[in-house]
Asks: 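My questions all concern the structure below.
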Number of protein chains: 2
Amino acid sequence: MRDFIERFEMGEENYLPHISIDCVIFGLSDDALKVLLLKVKDTESWVLPGGYVEKDESIEDAALHILRDRTGLSNIYLQQFNTTGSSGRSFPEDIKVICKSLGVKWTPDLWANKRFISIGYYALIDIEKCKPTGGDLDQEYSWIDMHRLPRLMMDHKDILLKAYESLKISLSNQPVGINLLPEKFTMPELQKMYEIILDKSIERSHFQKKMLRFDIFERLEERREGVPHKRPFLYRFDEKKYRDGVKKGARFDV
Amino acid sequence: MRDFIERFEMGEENYLPHISIDCVIFGLSDDALKVLLLKVKDTESWVLPGGYVEKDESIEDAALHILRDRTGLSNIYLQQFNTTGSSGRSFPEDIKVICKSLGVKWTPDLWANKRFISIGYYALIDIEKCKPTGGDLDQEYSWIDMHRLPRLMMDHKDILLKAYESLKISLSNQPVGINLLPEKFTMPELQKMYEIILDKSIERSHFQKKMLRFDIFERLEERREGVPHKRPFLYRFDEKKYRDGVKKGARFDV
DNA sequence: GCAAAAGTGTTTGATATACACCCATGC
DNA sequence: GCATGGGTGTATATCAAACACTTTTGC
């Protein structure tokens, strides 16, 4: 694991200047879409997990490193959604607060105070598989409901909302949402996922028929056990069938 | 108009380091989707119109400046589609060739040789309204058929293909294609635009019914004159109706 | 008159929507 | 037994796809 604070202090030598990576990590729990946020010590403000790009590292690898540090996961579904770079995009006052919380010396001419262009990625993960950590920063972290966001530093709320819009559009045309679920899932679970993210209710019978018509889910012999009422079948996403469908020009609109 | 060569020679002082903007400018002509490319003097290679970001300029403004310089147009439909930044993304040999064609001195430690992160924008324009110029570079330019691309320098072909994929996806869900047409257009013209870009034929009657059901086009009294055969009606895009439709959750899938 | 393109209508099958029915489970 | 959620079936409206018919224009 990289020692972030040490590298941060020598940021001018280690990182590409003026460029940052911000990650929006989505997960599902308690029937809600959640986002992993970090609390800045001694404040009531939160930030997105983020970092910088090493001079010999791709921007995607930089995002993957951030994700691995925060979630303990590799093999993550990752999607670049937006790069934001308005002309005066620098936040020296916020950086000051963050430096204080990290125990790092802040000066007015610190490299991190400069104007930054942020490359945004969102990740979709199965929250059960994830072991979140404060990373090297030993920060407080929390999975926070998309619809009950706290105050976020810098322009991270704008970035987060853009990620959410982007996710909704993707989910409407592609079955990316399966990355939020365990490998085996039921149709009601799949439906709930769509309903939560797209924020609308879907008719049960219609949903099942549509999904099965896509012909990208394999129904298993097993059923979900240990639940009340009738036990729903388990399904598994069939990557190959999906790719074949895409090749043939099939659509997966919800 | 900015003197690009002068600013390029002092690039280290004028621009954000390691960041470039590449623009894919799409237009329609001769029943084909075309892209504005610049020919590098004394070579058989082409490049995308591009540039760098001034230290006090937003990335979107940087793209708009490039577009204005190349097309003479402002008020352009502009869409950011991808940021590419693999770890070794530097092209000193290509930069050398480009410098030569610009009449600019090249050295191995030139700022432009360094690793660059490219922010990609595509623009949709009415090719008739456009007065393309080589810009300050006095380069040869050409509208080139998307399906007959020449050799492109650096990784510009990858960038171009990503822009095209992104355009196709957008066009499948949103009526962005109207930006490629004049203000007044006929249904057959609209249909042709979809057929060209999505690279598939669409049934005439079905297309008209679907488009009119969207309820975002206003049929005018006039018809397209000076054409053989029956004269088709002219239509105009109704921005307000479209926004209302989006608000109400209407879909515009083609 | 003829060919070609455009507007419109018709037919058939597929999908969307709403709802009904039965089944399995925990209490 | 009863409430609840899940699987499946049915009826109707809407839409997709293919095609036919009519109109309008240039030649």
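Letters go in sequence order (proteins before strands), and every chain restarts at 1.
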Asks: Could you check whether any side-chain N or O of B:Asp69 sits under 3.5 Å from a backbone N or O of B:Ile66, counting only pairs where one atom can act as donor and the other as acceptor?
Replies: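 Not a single qualifying donor-acceptor pair exists.
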Asks: Give me the one residue out of B:Arg223, B:Glu225, B:Glu222, B:Glu221 that meets side-chain contact (heavy atoms from CB on, under 4.5 Å) with B:Leu234.
Replies: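 So the option named by the test is B:Glu222.
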Asks: Nearest-Å distance, CG (A:Leu212) to P (C:dA16)?
Replies: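 The answer, rounded to whole Å, is 13 Å.
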Asks: Take atom CZ of A:Phe252 and atom P of C:dT15, then tell me their distance rounded to the nearest Å.
Replies: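 Taking CZ of A:Phe252 and P of C:dT15, I get 13 Å after rounding.
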Asks: In whole angstrom, what separates B:Leu220's CG from C:dG7's P?
Replies: 13 Å
Asks: Between A:Tyr242 and A:Phe214, is the ring centroid distance below 6.0 Å?
Replies: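 Judged by ring-centre distance (under 6.0 Å), A:Tyr242 and A:Phe214 do not meet the cut-off.
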Asks: May I ask you to decide if the ring planes of B:Tyr122 and B:Phe26 are parallel, tilted or perpendicular, using 30° and 60° as cut-offs?
Replies: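 If you compare the ring of B:Tyr122 with that of B:Phe26, the planes turn out perpendicular.
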Asks: Report the distance from atom CD of A:Glu189 to atom P of D:dG7, rounded to the nearest whole Å.
Replies: 10 Å
Asks: With a cut-off of less than 4.0 Å, is there a side-chain N or O of A:Gln208 near OP1 or OP2 of D:dG6?
Replies: no
Asks: For the ring pair B:Phe207 and B:Tyr194, is the centre-to-centre distance below 6.0 Å?
Replies: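 Under 6.0 Å, so yes.
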Asks: At under 4.0 Å between heavy atoms, what does B:Arg219 touch on the DNA or RNA strands: base, sugar-phosphate, or nothing?
Replies: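 Sugar-phosphate contact only - B:Arg219 comes under 4.0 Å of backbone atoms but never of a base.
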Asks: Indicate for each nucleotide in nucleotides 18-27 of chain D, in 5' to 3' sequence, whether protein heavy atoms under 4.0 Å reach the base (B), only the sugar-phosphate (S), or nothing (-).
Replies: BB---BBBS-
Asks: Testing the basics here: between A:Ser45 and A:Met153, what is the closest heavy-atom pair and its distance to 0.1 Å?
Replies: CB-CG, 3.6 Å
Asks: From CZ of A:Phe233 over to P of C:dA24, roughly how many Å is that when rounded to an integer?
Replies: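 So the CZ-P distance, A:Phe233 to C:dA24, works out to 10 Å.
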Asks: In whole angstrom, what separates A:Asp215's CG from C:dT15's P?
Replies: 12 Å
Asks: Side chains of B:Ser166 and B:Lys162: do they bring a donor and an acceptor to under 3.5 Å?
Replies: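 The answer is no; no qualifying pair exists.
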Asks: Atom CD of B:Gln191 to atom P of D:dA17: distance rounded to whole Å?
Replies: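 Rounded to whole Å, this separation is 13 Å.
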Asks: Below 4.0 angstrom from OP1 or OP2 of D:dC15, is there any side-chain N or O of B:Lys210?
Replies: no
Asks: In whole angstrom, what separates A:Arg224's CZ from C:dC23's C1'?
Replies: 20 Å
